[in-house]
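Please read the structure below before turning to the comments.
Side chains are part of it too, since the values below use all heavy atoms of this structure and drop only hydrogens, waters and symmetry mates.
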Amino acid sequence: NGSGVSEDPDWFPSTFSRMSQEALSAFGNGDLYLEKYITSMRHLEVQVLRDTKGNSKLLGIRDCSVQRDYQKLIEESVFNIPKKTQQILFDHALKLINHIDYVGAGTVEFIYDLKQKKVYFMEMNTRIQVEHPVTEEVVDFDLIKEQIKVAAGIKISGKNYLPQLHAIECRINAEDASKNFQPSPGTIGMCHQPSGFRTRVDGAIYQGYKVTPYYDSMICKLICHGRNRSEAIQRMNRSLDEFVIEGITTTIPLHKKLLNHKKFIESDFNVGWIDKEKII
């Protein structure tokens with residue numbers, strides 16, 4: 001709702017004081033962190049892998065900017081980002097994992113300021129992520145297998161990759177997007193999952209599967225890839241049309257809407273576009 005954001009220097013003292021009082025009241029400590037507020041950004045992440053012998057691998061960049069309330073909905077291979085910026089991301093990621101002597105698979109995440117064309121480090125996720133298939137499908141690299149090899153002290157294989165294909169992943173959640181993403185637990189009735197060339201479904205749902213309200217609402221992931229972004233979008237649309245999950249409400253209709261939105265097709269979006277334009 002904008003609280004804590006000071007968009008004018010004259011507002012800063014009063015905003016700082018108000019937020020400090022809120023922090024003191026809630027947590028008993030009025031100390032605040034100050035961060036640069038970026039109004040238009042992309043969420044980019046570099047997939048990394050490093051073994052116990054100091055060998056590092058960079059496995060491409062993912063764009064995770066299609067979000068609702070900062071929760072990822074669609075992830076895809078990096079696109080529409082200058083090569084110079086991509087190289088900066090690679091350089092920063094490699095420097096970080098070598099400096100901390102990191103071991104295992106992980107992602108180094110960045111904010112890309114679309115207005116200033118600058119990159120800012122955000123965080124590192126020291127694990128395999130939900131969107132790792134986006135990388136696997138375009139670099140022919142089994143991250144899970146390699147992660148196990150790292151844990152066993154075996155030297156990792158492969159090389160650094162700059163993917164030539166394009167992959168898209170949709171997180172299929174048991175939620176009703178038309179009702180502010182209300183959870184939709186229940187028993188799945190008919191269930192038909194898409195298949196075919198360059199189409200992958202990660203999940204364990206089936207007819208009779210019970211979706212409970214106790215855990216994360218994501219029930220599966222649909223990943224499609226193609227020779228380019230346009231082909232990947234077309235394949236994803238076909239796959240979403242084939243996907244049938246009865247008995248509960250899912251985010252499949254929302255994914256169809258987003259994939260066919262003019263701004264998505266033209267890659268004219270940022271992290272906040274869904275919330276700002278009230279697309280849902």
Side-chain angles (χ1 to χ4, degrees), residues 1-48 50 62-75 88-89 92-93 95-116 118-132 147 171 173-177 179-185 211-219 251 269-280:
N1 58 10
S3 62
V5 177
S6 183
E7 299 183 3
D8 187 298
D10 293 337
W11 299 349
F12 180 77
S14 61
T15 303
F16 185 93
S17 176
R18 175 167 55 85
M19 295 306 298
S20 181
Q21 288 299 318
E22 288 185 14
L24 182 63
S25 175
F27 308 109
N29 188 329
D31 293 346
L32 300 178
Y33 289 103
L34 297 181
E35 294 182 319
K36 181 181 178 67
Y37 180 61
I38 300 172
T39 58
S40 182
M41 63 183 177
R42 285 278 180 91
H43 182 154
L44 307 176
E45 57 189 34
V46 180
Q47 177 68 58
V48 301
R50 191 173 186 274
R62 296 186 292 259
D63 189 314
C64 305
S65 302
V66 181
Q67 303 178 11
R68 176 201 67 91
D69 196 22
Y70 299 108
Q71 298 300 308
K72 300 172 185 175
L73 294 170
I74 298 174
E75 301 101 351
I88 291 173
L89 296 176
H92 287 348
K95 183 178 180 180
L96 186 150
I97 62 174
N98 285 333
H99 179 72
I100 65 175
D101 198 21
Y102 181 71
V103 174
T107 54
V108 186
E109 307 203 10
F110 299 90
I111 288 173
Y112 176 51
D113 188 331
L114 289 168
K115 291 184 177 180
Q116 300 296 324
K118 292 183 178 180
V119 168
Y120 299 91
F121 170 74
M122 181 168 59
E123 64 181 3
M124 181 175 183
N125 272 301
T126 55
R127 55 178 171 80
I128 292 288
Q129 283 192 274
V130 169
E131 57 269 31
H132 79 272
Q147 173 79 314
R171 300 187 181 203
N173 295 340
E175 297 174 337
D176 189 342
K179 296 180 179 178
N180 197 31
F181 291 83
Q182 177 179 307
S184 179
V211 178
T212 73
Y214 306 117
Y215 306 104
D216 188 282
S217 61
M218 186 175 66
I219 55 176
T251 52
F269 59 85
N270 56 44
V271 168
W273 73 291
I274 292 177
D275 297 322
K276 183 177 180 180
E277 298 192 21
K278 303 186 186 305
I279 295 171
I280 301 167

Distance under 6.0 Å and angle within 45° of ring axis: Arg42 vs Phe110 | no

Sorted by chain and number, sequence neighbours left out, side chain to side chain contact (heavy atoms under 4.5 Å, CB included) with Ala105 holds for Gln47, Leu49, Ile128, Gln147

By side chain to side chain contact (heavy atoms under 4.5 Å, CB included), which residues pair with Glu123, not counting sequence neighbours?
-> Glu109, Asn125

Nearest 0.5 Å please: distance from the CD1 atom of Ile97 over to the CE atom of Met124.
-> 6.5 Å

Ignoring hydrogens and geometry, is there a side-chain-to-backbone donor-acceptor pair from Asp275 to Asp69 under 3.5 Å?
-> yes

Before giving the answer on side chain to side chain contact (heavy atoms under 4.5 Å, CB included), spell out for Val130 and Lys72 the whole-Å C-alpha distance, their side-chain angles and the decisive distance to 0.1 Å.
-> CA-CA 10 Å; Val130 169; Lys72 300 172 185 175; over 6 Å; no

Which residues share a side chain to side chain contact (heavy atoms under 4.5 Å, CB included) with Asp8, sequence neighbours left out | Asp10, Trp11

Sub-3.5 Å donor-acceptor pair from the side chain of Asp216 to the main-chain atoms of Met218, do we have one?
-> yes

Side-chain contact test, heavy atoms from C-beta onward, threshold under 4.5 Å: evaluate it for Thr251 versus Leu73 and give yes or no.
-> no

By salt bridge (charged side-chain N to carboxylate O under 4.0 Å, His left out) - contacts of Glu75 (at least two apart) = Arg171

Could you go through the side chain to side chain contact (heavy atoms under 4.5 Å, CB included) check for Gln129 and Arg127 one step at a time?
-> CA-CA 6 Å; Gln129 283 192 274; Arg127 55 178 171 80; 3.4 Å; yes

Is there any ring-ring contact (aromatic ring centres under 6.0 Å, His included) pair reaching into residues 16-35, and which pairs are they, with sequence neighbours excluded?
-> Phe12-Phe16

Salt bridge (charged side-chain N to carboxylate O under 4.0 Å, His left out) filter on Asp101, not counting sequence neighbours, yields Arg50

